[in-house]
Protein chains: 2
Amino acid sequence: MVRALRAIPTADAPGDEAGTRLRLVEAAGEVFADQGFRDATVRDICAAAGVNLAAVNYHFGDKRGLYLASLRYSMAAARDLHPVEAPAGSDARERLRHFVHALMRRMLGEGRPAWHAKLMAREMVDPTDALDTVVDEMIRPAFGVLARAVADLLGERSTRSERVKLACHGVIGQCMVYRHCMPVLRLLGTQPAAGTTASDLADHIAAFSLAAIDGTARRGATTPRVGAGSHGGRRR
Amino acid sequence: MVRALRAIPTADAPGDEAGTRLRLVEAAGEVFADQGFRDATVRDICAAAGVNLAAVNYHFGDKRGLYLASLRYSMAAARDLHPVEAPAGSDARERLRHFVHALMRRMLGEGRPAWHAKLMAREMVDPTDALDTVVDEMIRPAFGVLARAVADLLGERSTRSERVKLACHGVIGQCMVYRHCMPVLRLLGTQPAAGTTASDLADHIAAFSLAAIDGTARRGATTPRVGAGSHGGRRR
DNA sequence: GTGCGTATGAAACAGTTGTTTGAATCTTCT
DNA sequence: AGAAGATTCAAACAACTGTTTCATACGCAC
């Protein structure tokens, strides 16, 4: 009765964060990531977190509230650990390479809980009402960084040009395949060889994409393809 | 009791196909595609098909059996309507273009029930034990066609080379983005402009990929990039 | 028509799930 | 210590879901 009136306890109690709330968010993230929102049961999550069944409703209102919390938690971690913005002053090629590297590290969850990217991959294929938030807080800013780099390389002024959009989709698609289709690749036998790092894959994707952009820019463009940022050497 | 002994009635009764079984498979495909296996209820499916609740278990054993049936139905349709093999005698560029066009038509479900590709997209992100079948009957043969074309373009003899695999993943990823991430693209505002056909997108992806392959082949390869199948002109 | 195997129908079953409840325990401030 | 509030706990609730049951209608050879 009291609970119904209180707006879910202290949404971000500072001292508490080592306690039930945090354990719940992390366990939930993992379970949601590999079972999906519907298949994951609050009983499983609570067992994994080692907390009582009622804790979910007490701390997060309901199952969806917990889901949203682990989604936010995951987004914050990705932003902090793998920023997509290259150091100031980088040229366009460098910016694109940096973006691909960051995105691939996010995809493969390198160095951090692997469920972060899984969780968001699910949210894309099977969107809940939380997708708006994910797009606004995570994807749109990142896309802007990529689009700027691609537009510069293509000699386009605006990032809204159709050519820029299509090229960006291509770059992103090449990265996503390693998150969305990994089970297929494994069955196919074409999964990256053991020991292949996110960085290795990113190197290939960046080179592939830059070659494509150079090639298509040359063909269709009216502006010199070597336009923006051409002084940068090849990395590694 | 009798039912338990009989191995599910006439798995493919020829005359019956206009009846309950078919209506069920089609309704199920649609519901499974946009709700997912777990979220879809047999009650919803039966209502959509206009058949009795017990029909699912009678005709398909259980829910999973029905799921498998609509998956097979969908795969057969994709193979028949959008074959990935180019006409015999086509050169490598042409074969790659043809593959991309077919794959994109499958992705966007052009001309046919749109749920086919959705269904398989789900199966990839959230695999059930049916994924083996999908890979063996659908994906592996298709991948072989692509890999052959790419290997020829790169001047590689074997389709198992790491470079070939990576390039194939890139091509496939570019196509998949329009199936897996459409809700995101819509929210982002970068979805293909109204009136854009699968063929338009395929043209871009094929050109992008060919430019990339040309560029990277030139750099790294030891064999002339114009090696296999170079007599073909550019299409359209 | 009669019998027999097949298909459909309405209702009930059994298990699981998210959520709620009210008491018990812990924390914190005076 | 003691009161007040926050948190945890075991148990129950209510709704939903896949599946089963058994009775009924249909199609067809004889």
Side-chain angles (χ1 to χ4, degrees), chain A residues 1-25 27-28 31-32 34-70 128-130, chain B residues 1-29 31-32 34-70 128-130:
Chain A
M1 172 79 70
V2 176
R3 214 170 316 141
L5 299 174
R6 198 185 10 176
I8 297 168
T10 58
D12 255 331
D16 186 358
E17 283 304 334
T20 306
R21 277 185 68 89
L22 184 60
R23 263 188 304 160
L24 214 34
V25 168
V31 177
F32 281 138
D34 67 47
Q35 315 251 24
F37 177 77
R38 181 67 187 274
D39 281 351
T41 74
V42 301
R43 281 175 174 81
D44 277 356
I45 294 170
C46 289
V51 307
N52 185 270
L53 177 61
V56 168
N57 301 55
Y58 180 75
H59 285 284
F60 300 95
D62 59 2
K63 186 185 180 184
R64 186 164 298 271
L66 174 57
Y67 176 74
L68 215 93
S70 38
T128 70
D129 29 352
Chain B
M1 172 77 70
V2 177
R3 214 170 316 138
L5 298 176
R6 199 182 5 166
I8 297 167
T10 58
D12 255 330
D16 186 357
E17 281 304 334
T20 305
R21 280 184 67 89
L22 184 61
R23 263 188 305 160
L24 214 33
V25 167
E26 287 183 333
V31 177
F32 281 138
D34 67 48
Q35 315 250 25
F37 177 77
R38 181 66 188 276
D39 280 351
T41 73
V42 301
R43 280 175 174 82
D44 278 355
I45 293 170
C46 288
V51 308
N52 186 271
L53 177 61
V56 168
N57 300 297
Y58 180 75
H59 285 284
F60 300 94
D62 58 2
K63 186 185 179 184
R64 185 164 298 271
L66 175 58
Y67 176 74
L68 216 92
S70 37
T128 69
D129 28 351

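Proteins get letters first, then strands, A, B, ... in listed order; numbering begins at 1 in each.
- When distances run from any side-chain atom of A/Thr20 to the nucleotides C/dT19, D/dT8, C/dA7, the shortest one goes to D/dT8.
- Rounded to a whole Å, the CZ atom of A/Arg64 is 12 Å from the C1' atom of C/dG18.
- Between the CZ atom of A/Arg38 and the P atom of D/dA15 there is a distance of 16 Å, rounded to whole Å.
- A heavy-atom distance below 4.5 Å is not found between the side chains of B/Thr20 and B/Tyr58.
- The CD-P distance, from B/Gln35 to D/dT17, rounds to 10 Å in whole Å.
- Closest contact between the side chain of A/His59 and the listed nucleotides D/dT17, C/dT17, D/dT7 involves D/dT7.
- Distances from the side chain of A/Thr41 to the nucleotides C/dG9, C/dG18, D/dC9 place C/dG18 closest.
- Taking atom OH on B/Tyr67 and atom P on D/dT17, their separation rounds to 19 Å, with Å as the unit.
- Listed nucleotides: D/dA10, C/dT19, C/dG9. Nearest to the side chain of A/Lys63: C/dT19.
- Comparing atom distances between the B/Leu53 side chain and each of C/dT19, C/dA12, D/dT7 picks out C/dA12 as nearest.
- The separation between A/Phe60 atom CZ and D/dT7 atom P is 12 Å, rounded to whole Å.
- For A/Asn57 and D/dT7, the CG to C1' distance is 14 Å, given to the nearest whole Å.
- Side-chain atoms of B/Arg21 come within 3.5 Å of backbone N or O of B/His59 as a donor-acceptor pair.
- Nearer the 5' end of DNA chain C, as judged by each residue's closest nucleotide, is the contact made by B/Gly50, out of A/Asp39 and B/Gly50.
- Looking only at distances, no side-chain donor or acceptor of A/Arg23 sits under 3.5 Å from a matching main-chain atom of A/Val51.
- Distance CG (B/Asn52) to P (D/dC26): 15 Å, rounded to an integer number of Å.
- No donor-acceptor distance shorter than 3.5 angstrom exists from the side chain of A/Lys63 to the backbone of A/Asn57, with no hydrogens or angles considered.
- Checking D/dC9, C/dG18, D/dT20 against every side-chain atom of A/Ala54, the shortest atom distance belongs to D/dC9.
- Per the geometry, CG belonging to A/Asp44 stands 12 Å off P belonging to C/dT16, to the nearest Å.
- Using cut-offs of 30° and 60° for the angle between ring planes, the B/Tyr67 and B/Phe37 rings count as perpendicular.
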